[in-house]
Amino acid sequence: MGIESILEVKVKEAVAQLFKVELPQVEFQPTRKDFEGDVTVVVFPMLRYVKGNPAKIGEEIGQFLTANVPAVTGFNVIKGFLNLVISDGFYLDFFNSIKTTATYGHVAEKADDAVMVEYSSPNTNKPLHLGHVRNNLLGYSVSEILKAAGKKVYKTQIINDRGIHICKSMLAWKRFGNGETPESTGLKGDKLVGNYYVAFDKAYKDEVAQLVAEGTDPKQAEKEAPILLEAQEMLQKWEAGDEETVSLWKTMNGWVYEGFAETYKNMGVDFDTLYYESDTYLLGKDVVAQGLEKGVFFKKEDGSVWIDLTENGLDEKIVLRSDGTAVYMTQDIGTAIQRVKDYPDVGGMVYTVGNEQDYHFKVLFLILQKLGYSWSNNLHHLSYGMVDLPSGKMKSREGTVVDADDLMQEMSQTAANISAELGKLEDYDEDQKEELYQMIGLGALKYYILKVDPKKRILFNPEESVDFQGNTGPFIQYTYARIQSILRKAEETGVLKDNDVEVEALHAKEKELLKQLQLYPETIQLAAENYSPALIANYTYDLVKEFNSFYQQVSILGEADENRKIFRVQLSKKVGEVIASAFRLLGIGVPERM
RNA sequence: GGUCGCGUAGCUCAGCUGGAUAGAGCAUCUGCCUUCUAAGCAGACGGUCGAAGGUUCGAAUCCUUCCGCGAUCACCA
């Protein structure tokens, strides 16, 4: 049990006894470094219940706690802040209670409480770019965090394999492709298909320009360019099940999937189950029909179906076209319901989708609530800001994108360059080096993206490479590697032990480390509640900074006292385990050496 | 125009449901490798927390107005 929960009870007891008042809650905070003490009780909020001078009240509570709580060995009061000094013994007991717990900080899975996390969900007509990277890293990490907080998690994505965008790539390939394949060109499938998407756009623009030159109104030209009309015709053929079209669609999608699979593997993300838009785009129509009967929706004269959300401060929103076909919203309603049918233990969902769709999800969740689904109160849109370049938005059609594969490759290369300069890995073979560089490069990239609050937009400057020093992934990996180095030496000299040891008078740095370790479980809970990997990243950074300071100031293996040496090794080991555990939640690996 | 989000040091970001003198990293400048990995440590420099009001014992945090940036307001997905 954490010190605060113990103190909470005792402070209430103190107030009850001293002032005959019941406190509903007590406010704690870690004592600031400039003051003596470990935990601070804020007296001000008590003034609503206890009348008097806050300093004096603090004084009296402090005396009570020192006399009645063994863990409290002293106190001081500054203004309305009661700073308590907590005994070394308390922190040592805490450490002994967790030091061999491999899953420290994690909560055991509650099986009845599953959640489905959707992320990635790319279009299948072009390669993944930096925006997808942020999406994937967030979705994956949040999934891991939710698991650590005791949820059962299904990771999923909906693959947008249908629609006019695919037809554009298909058409361009038919026209200009000469039968090219990933095999014949040596290109990754998604790259190949993406090239044709760009080729389509170029041809389209040329045609529009020509029409305009021939005197057509520019707006009309944009609608009437032959290649666009042909693409639309292709979509109709696809929907009608035309054999040749469907076959080409399958082939080209297949190429893209192979390309994506490679990218996902390199990125280190995965999925438990997949949904394809081509399977789900018709879902939801029945639900709309039922909702219409129930009066949730209403029909307009032209036959289109709408929902009126004006009383919720939103507008009217269409859920079915006048020709009876599904829109985006119809599909999402259907897919959500389908998912609960497929996985009945799912009681909530998380959608990792960019913030340009905030409105869509607000509406979707409201609709599902009005339809009366029990799980509709546990839906969350994990909304994140765009990743922009200094030149503005990334646009695939214009080629101003930071390609995911290229970026990961560059990061590994940077790691390799730095590593070669430092020259600490002379005895590693090429494969080991390659694996390590990838771990470090990816670690830098992932940390760089995940440490930022998801809501904020990221400005990514490809000219300035991602840092490897300071508050970065490699810094944390480096600290982990250092710890492993100590542990290897400790093992050789026989001081790597699990037994509890008596240590008197903790070093200030040891105590700080223990306090930081104590925060790990609540940090996971907080990160899960807020769907925020950034909290995990920042926690880990603080822990690592604390360890490096400790490492620099005290000698671990050079410590003369045997018990203390063993304790410091144990402490280092635990810090290493927590680093590894936290980084696993971020999807980042940790190296034995670097 | 309506709605939503963001605005903290030159740059990139922390700052939990309001709490003590607003914290890190990068950059710049000082020190520290014959002792556990210097991708490190210790320190200096750097802030009217976008602006103005308000609530409060106390506001970067909550409320209002305004300014700036972004997104969104399709029978596209």
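Below, chain A is the first sequence line, B the second, and so on; all start at residue 1. Excluded from the calculations below are hydrogen atoms, water molecules and symmetry mates; all remaining heavy atoms, backbone and side chain alike, are included.
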Partner of rC69(B) by Watson-Crick or G-U wobble geometry, both contacts under 3.5 Å, or none? rG5(B)
Taking 4.0 Å as the cut-off, does a side-chain nitrogen or oxygen of Lys317(A) come that near to OP1 or OP2 on rU3(B)? no
What about the rings of Phe547(A) and Phe550(A), do their centers lie closer together than 6.0 Å? yes
Base-pairing assignment for rA59(B) (Watson-Crick or G-U wobble, both under 3.5 Å): none
Side chains of Glu421(A) and Asn417(A): do they bring a donor and an acceptor to under 3.5 Å? no
Looking at every strand, decide which applies to Ser322(A) at a 4.0 Å heavy-atom threshold: base, sugar-phosphate, or nothing. base
Does the rA20(B) base have a donor-acceptor partner in the side chain of Asn83(A) within less than 3.5 Å? yes
Against the side chain of Phe81(A), the closest entry in rC36(B), rA20(B), rG25(B) is rA20(B)
Separation of Leu526(A) atom CG from rC16(B) atom C1', in whole Å? 6 Å
rA77(B) phosphate, OP1 or OP2: any side-chain N/O from Asn160(A) under 4.0 angstrom? no
Atom-to-atom span, CD1 of Ile556(A) to P of rU35(B) - whole angstrom: 16 Å
Whole angstroms only, please: what is the CD1-P distance between Ile440(A) and rG40(B)? 13 Å
Counting heavy atoms from C-beta on, name the nucleotide in rC13(B), rA71(B), rA77(B) closest to the side chain of Val452(A). rC13(B)
Can you tell me if Arg48(A) touches the phosphate of rC57(B), counting only side-chain N or O atoms and a distance under 4.0 Å to OP1 or OP2? no
Looking at every strand, decide which applies to Asp315(A) at a 4.0 Å heavy-atom threshold: base, sugar-phosphate, or nothing. sugar-phosphate
Please examine the side chains of Leu128(A) and Val133(A), heavy atoms only from C-beta on, and report whether any two atoms are closer than 4.5 Å. no
Separation between the C1' atoms of rA42(B) and rC4(B), rounded to whole Å: 45 Å
Indicate, with a heavy-atom threshold strictly under 4.0 Å, whether Asp388(A) touches base, sugar-phosphate, or nothing. nothing
Would you mind reading off the distance between Leu364(A) atom CG and rA77(B) atom C1', rounded to a whole angstrom? 14 Å
Taking Lys515(A) first and then Glu546(A), would you say they form a salt bridge - that is, a charged N and a carboxylate O separated by under 4.0 Å? no
Do Glu59(A) and Lys56(A) meet the salt-bridge criterion of a basic N to acidic O distance under 4.0 Å? no
Under 4.0 Å, heavy atoms only, any strand: does Tyr541(A) hit a base, just the sugar-phosphate, or nothing? sugar-phosphate
Tell me whether the side-chain N/O atoms of Arg457(A) come closer than 4.0 Å to OP1 or OP2 in rG7(B). no
Taking atom CD1 of Ile483(A) and atom CD of Glu577(A), what is their separation to the nearest 0.5 Å? 10.0 Å
Nearest listed nucleotide, side chain of Ser419(A), among rU3(B), rA39(B), rA14(B): rA39(B)
Length of the CD-P vector between Gln552(A) and rC32(B), whole Å: 13 Å
Rounded to whole Å, CG of Asn312(A) lies from C1' of rC4(B) at a distance of 16 Å
Applying a 4.0 Å non-hydrogen cut-off, can you work out what Val43(A) is touching in the nucleic acid: base, sugar-phosphate, or nothing? nothing
Kindly indicate whether the side chain of Thr40(A) and the base of rA20(B) share any N or O donor-acceptor pair separated by less than 3.5 Å? yes
Counting only side-chain nitrogens and oxygens, does Lys456(A) get under 4.0 Å of the OP1 or OP2 atom of rA14(B)? yes
Looking only at side-chain N and O atoms, does Lys424(A) come under 4.0 Å of OP1 or OP2 in rA38(B)? no
Have a look at Glu27(A) and say if it touches a base, only the backbone sugar-phosphate, or nothing, with a 4.0 Å heavy-atom cut-off. base
Take atom CZ of Phe475(A) and atom C1' of rA24(B), then tell me their distance rounded to the nearest Å. 10 Å
Any Tyr478(A) side-chain N or O less than 4.0 Å from OP1/OP2 of rA39(B): yes
Candidate nucleotides rC36(B), rC73(B), rC41(B), ranked by approach to the side chain of Lys545(A) - the nearest: rC41(B)
Of the candidates rA77(B), rU37(B), rA14(B), the side chain of Glu277(A) sits closest to rA77(B)
From the list rG25(B), rA71(B), rA38(B), which nucleotide is the closest neighbour of the side chain of Asn355(A)? rA71(B)
Looking at side-chain heavy atoms only, is the closest gap between Glu118(A) and Thr156(A) below 4.5 Å? yes
Can rC33(B) be described as syn, meaning its chi torsion is within 90° of 0, or is it anti? syn
Distance check, P atoms only: rU48(B) and rG58(B), in whole angstrom units. 24 Å
Which whole-number value in Å describes the distance from Tyr447(A) OH to rA39(B) P? 18 Å
Under 4.0 angstrom between Ser485(A) side-chain N/O and rC36(B) OP1 or OP2: no
Pair partner, rA27(B) [Watson-Crick or wobble, under 3.5 Å]: none
Counting only side-chain N and O atoms of Ser383(A), is one of them less than 4.0 Å from OP1 or OP2 of rG5(B)? no
Taking all atoms of both residues into account, what is the closest heavy-atom pair of Gly194(A) and Pro127(A), and its distance? CA-CD, 3.9 Å
Gln331(A) side chain, from C-beta outward: closest of rA77(B), rA39(B), rA14(B): rA77(B)
